2 protein chains.
Amino acid sequence: MPDNLTLDEIARRAGVSRTTASRVLNNGPNVRPEVRERVQRVIAETGYSPHPVARSLASQQSRVIGLVLPRRTEVLFNDPYFPRLTQGVAQACNDYDYTLALFLLQTAADEEKLYPRLSRKGLLDGVVVQAGQIGDDLIMRLLTSNLPVVVAGRPFHPGEVSYVDVDNVTGAYTGVMHLVKLGHQRIATIAGEMETTAALDRKAGYCQALQDCNLPIDESLIVEGYFTEIGGYQAMQRLLPQKPEAVFIASDTMALGALRAIHEAGLRVPQDIAIVSYDDLPPAMIAQPQLTTVHQPIHEFGIKAVELLLEVIKNGPIPPRQIMMETSLVIRQSCGAATREVVNGLNGF
Amino acid sequence: MPDNLTLDEIARRAGVSRTTASRVLNNGPNVRPEVRERVQRVIAETGYSPHPVARSLASQQSRVIGLVLPRRTEVLFNDPYFPRLTQGVAQACNDYDYTLALFLLQTAADEEKLYPRLSRKGLLDGVVVQAGQIGDDLIMRLLTSNLPVVVAGRPFHPGEVSYVDVDNVTGAYTGVMHLVKLGHQRIATIAGEMETTAALDRKAGYCQALQDCNLPIDESLIVEGYFTEIGGYQAMQRLLPQKPEAVFIASDTMALGALRAIHEAGLRVPQDIAIVSYDDLPPAMIAQPQLTTVHQPIHEFGIKAVELLLEVIKNGPIPPRQIMMETSLVIRQSCGAATREVVNGLNGF
DNA sequence: ATGAAAGCGCTAACAT
DNA sequence: ATGTTAGCGCTTTCAT
């Protein structure tokens, strides 16, 4: 498929005008079947494929969308969450014939440098932005740039923006309720970074569950930490002196660290401390014992984000839409429940 | 920065021709300093930024490069290797003012669908392709498309292609020699998938080390497996009956699984079995005990791949260049060496 | 040093 | 149903 082939050349070889060739190329109407077929044959024979940039310039749309992962994720790229999200987004891009441009904003300098490229209409038809930390104004800036934007996760300033989120409150609520039902009273939580809405919402779900069960909310049982293995390890070390019976941990990766701290202290899971975590990513299966965890549909989440973005691109940003995705509890060993549910979907890793 | 601003408009406001405005924009020569400054002021005041697509069409280069991760990586996205590589590539793209397009070829169908977009000159100035499996002809196809290509990892059919690789043979050799020096004789290996050059090379390094030490190569001590936790787990289960004193494992993630199998068998690391693995990614620090492992400079590897690609874009594919990157042994607990080296660089995770 | 003019390869409004 | 004609917004000869 030689690159020097142009639509003009195709038209010439098929004995039609470039317009007609273009119509055939784009499955447009008003072409006699026999002519259409003739042009299609030439296209097939030559292996012609239209120049995407020329097409973009003329049609004013690039069929490229961006995925923006704010700099907080430099740390978090060690969390399988982001690869999984990226996979979902990439798959949706394939399915809808878009190309995915990836922007990792690892430093403030990166952000400044990349911002014009992000906001400038032309290269990108729209962007999916991972919800950032509380201080981040990236999303707000992007919104004023009149480029179609969808946020993955609940943004801090919801304003007039469309976003997809997982119902973190209910997810956490369900996880904690599970621990209550197993008879635990002194339930602690290792929350994530309070600069993220995900951590805030999961903490809220934890508190709500305790309240609904008439259990006291004990601030000394609530520990924050980074969403990393080390973060979970350190948080659990701080928590151990409080002698919790059970802990709800805001991510699988943190749970890995927490387990390490518990084992080092000579305690066992679930006999001495029961654990429920969040994500249901590969670490949940690798952990010893395997983790009872709140499953998030991260892959589908990425797909939905793209689908919502395509809608915004098509129909404009008004009215903003919010899509909420559901979680489900996956019961394994770390909670100590007798039930041992068979779990599918994590075989390949 | 309104998008409807064009270079014509900038030129008009600055009282010059579009050509001159373009010269200023691109830091071209032959502009009077005072004129240059005037145009620059208008650009700054208006927040003008050139339309990237129009620019691409006229200049015949998009300043977009692709990163292609073949479908094998669907499984491997659970290995921190790929996020790390992606990060390196993304950073280099930022540094050199390129935009990164990510192509995840998760199925054969994806590959077919995306291939035209990959090979067609126009959208992409070039691609970095992760070396695939032995059957993959993707790289060969891409090479015939006359799009600049660089392979990350040694490809199976080296042919006339430029690639960056880590010296896997020497890396593995060093790791195994370390075990020999610690006094071990009966050293096994958990190799990766023999469909990849990385696994082949590491196995070769293992064999070479044994030979150089006059140790026998015992086929029953060589076990293959997928580059995953489960793969390592299963491989170690098969290996345990052979009673190895030490094991060289081809990736940290596999080592995690191997540790699990060893612990389940009631054995201890390093007392009963010493381990050296490969990668030096976060799992090496999370593991209990922490892993002695062969460090690969994956991030730099991604950067080098981009730099090499930019060279190919600039100077053409001839002559093909091969860049080899060095590894280093990081000594921690799993090998049982008394030495306990302080390790930096993995703090953030 | 500056500008006029010719593309880059395509889409799309407007004839016919 | 088909073709003619303008663009899309920029870079780049080629004059001047």
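Predicted model only: the values in this text are computed from it and were never measured. Numbered from 1 within each chain, the chains take letters A, B, ... in sequence-line order.
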Drop me the distance from Asp137(A)'s CG to Thr144(A)'s OG1, to the nearest 0.5 angstrom.
9.5 Å
Do the charged groups of Glu37(A) and Arg41(A) touch, with an N to O distance under 4.0 Å?
no
At what angle, to 10 degrees, do the two end axes of the helix from dA1(C)-dT16(D) to dT16(C)-dA1(D) meet, given five pairs define each axis?
40°
To the nearest angstrom, how far is Asn30(A) atom CG from dA1(D) atom C1'?
6 Å
Could you check whether any side-chain heavy atom of Ile139(B) comes within less than 4.5 Å of a side-chain heavy atom of His157(B), counting everything from C-beta outward?
no
With a 4.0 Å limit, can you tell me whether Ser17(B) has a side-chain N or O closer than that to the phosphate oxygens OP1/OP2 of dG3(C)?
yes
First encountered from the 5' end of DNA chain D, between Arg23(B) and Ser59(B):
Ser59(B)
Least distance between heavy atoms, Arg321(B) atom then Ser162(B) atom:
N-OG, 2.8 Å
Within the pair Ser22(B) and dT11(D), is there a side-chain N or O less than 4.0 Å away from OP1 or OP2?
yes
What's the closest nucleotide to the side chain of Arg18(A) if the choices are dT11(C), dG9(C), dC8(C)?
dT11(C)
Please tell me if the side chains of Phe103(A) and Leu100(B) come closer than 4.5 Å, counting only heavy atoms from C-beta onward.
no
Sugar-phosphate only, base, or nothing, as touched by Thr20(A) at under 4.0 Å among non-hydrogen atoms:
sugar-phosphate
Could you state the atom-to-atom distance from CG of Leu7(A) to C1' of dA12(C) in whole Å?
13 Å
In this structure, how many angstroms lie between the P atom of dG3(D) and the CG atom of Asp8(A), rounded?
13 Å
For the side chain of Thr19(A) and the base of dT11(C), is some donor closer than 3.5 Å to an acceptor across the two?
no
Please determine, for the side chain of Ala58(B), which listed nucleotide (dG7(C), dC10(C), dT2(D)) has the closest atom?
dG7(C)
Using OP1 and OP2 only, check whether a side-chain N or O of Arg55(A) sits under 4.0 Å from dT11(C).
yes
Using the side-chain heavy atoms of Gln60(A), tell me which of these nucleotides is nearest: dC10(C), dT2(C), dC8(D).
dC8(D)
Within this structure, what is the CG-to-P distance between Leu123(A) and dG9(D), rounded to whole angstrom?
15 Å
Report which part of the nucleic acid Val35(A) touches: base, sugar-phosphate, or nothing (heavy-atom distance under 4.0 Å, all strands).
sugar-phosphate
In whole angstrom, what separates Arg38(B)'s CZ from dT2(C)'s P?
8 Å
Assign each of Ala54(B) and Arg32(B) to its nearest nucleotide of DNA chain C by heavy atoms, then name whichever residue's nucleotide is nearer the 5' end.
Arg32(B)
Looking only at side-chain atoms of Asn26(B), point me to the closest of dT11(C), dT2(C), dT11(D).
dT11(D)
Between Ser62(A) and Asp125(A), is there a side-chain heavy-atom distance shorter than 4.5 Å?
yes
Between Glu112(A) and Arg141(A), does at least one N-O distance fall below 4.0 Å, as a salt bridge requires?
yes
Between Tyr48(B) and dC10(D), does any side-chain N or O lie under 4.0 Å from OP1 or OP2?
yes
Nearest-Å distance for atom pair CD/P, residues Glu37(B) and dA1(C)
17 Å
Could you check whether Lys304(A) pairs with Glu307(A) (Lys NZ or Arg NE/NH1/NH2 to Asp/Glu carboxylate O, under 4.0 Å)?
yes
Winner on side-chain proximity to Leu57(A), out of dG9(D), dC10(C), dG3(C), is dG9(D)
Could you give the CZ-to-C1' distance, from Arg120(B) to dC8(C), as a whole number of Å?
12 Å
So what does Val16(A) touch, heavy atoms closer than 4.0 Å: a base, only the sugar-phosphate, or nothing?
sugar-phosphate
Between C1' on dC10(C) and CD1 on Ile43(A), what's the gap in Å once rounded to a whole number?
13 Å
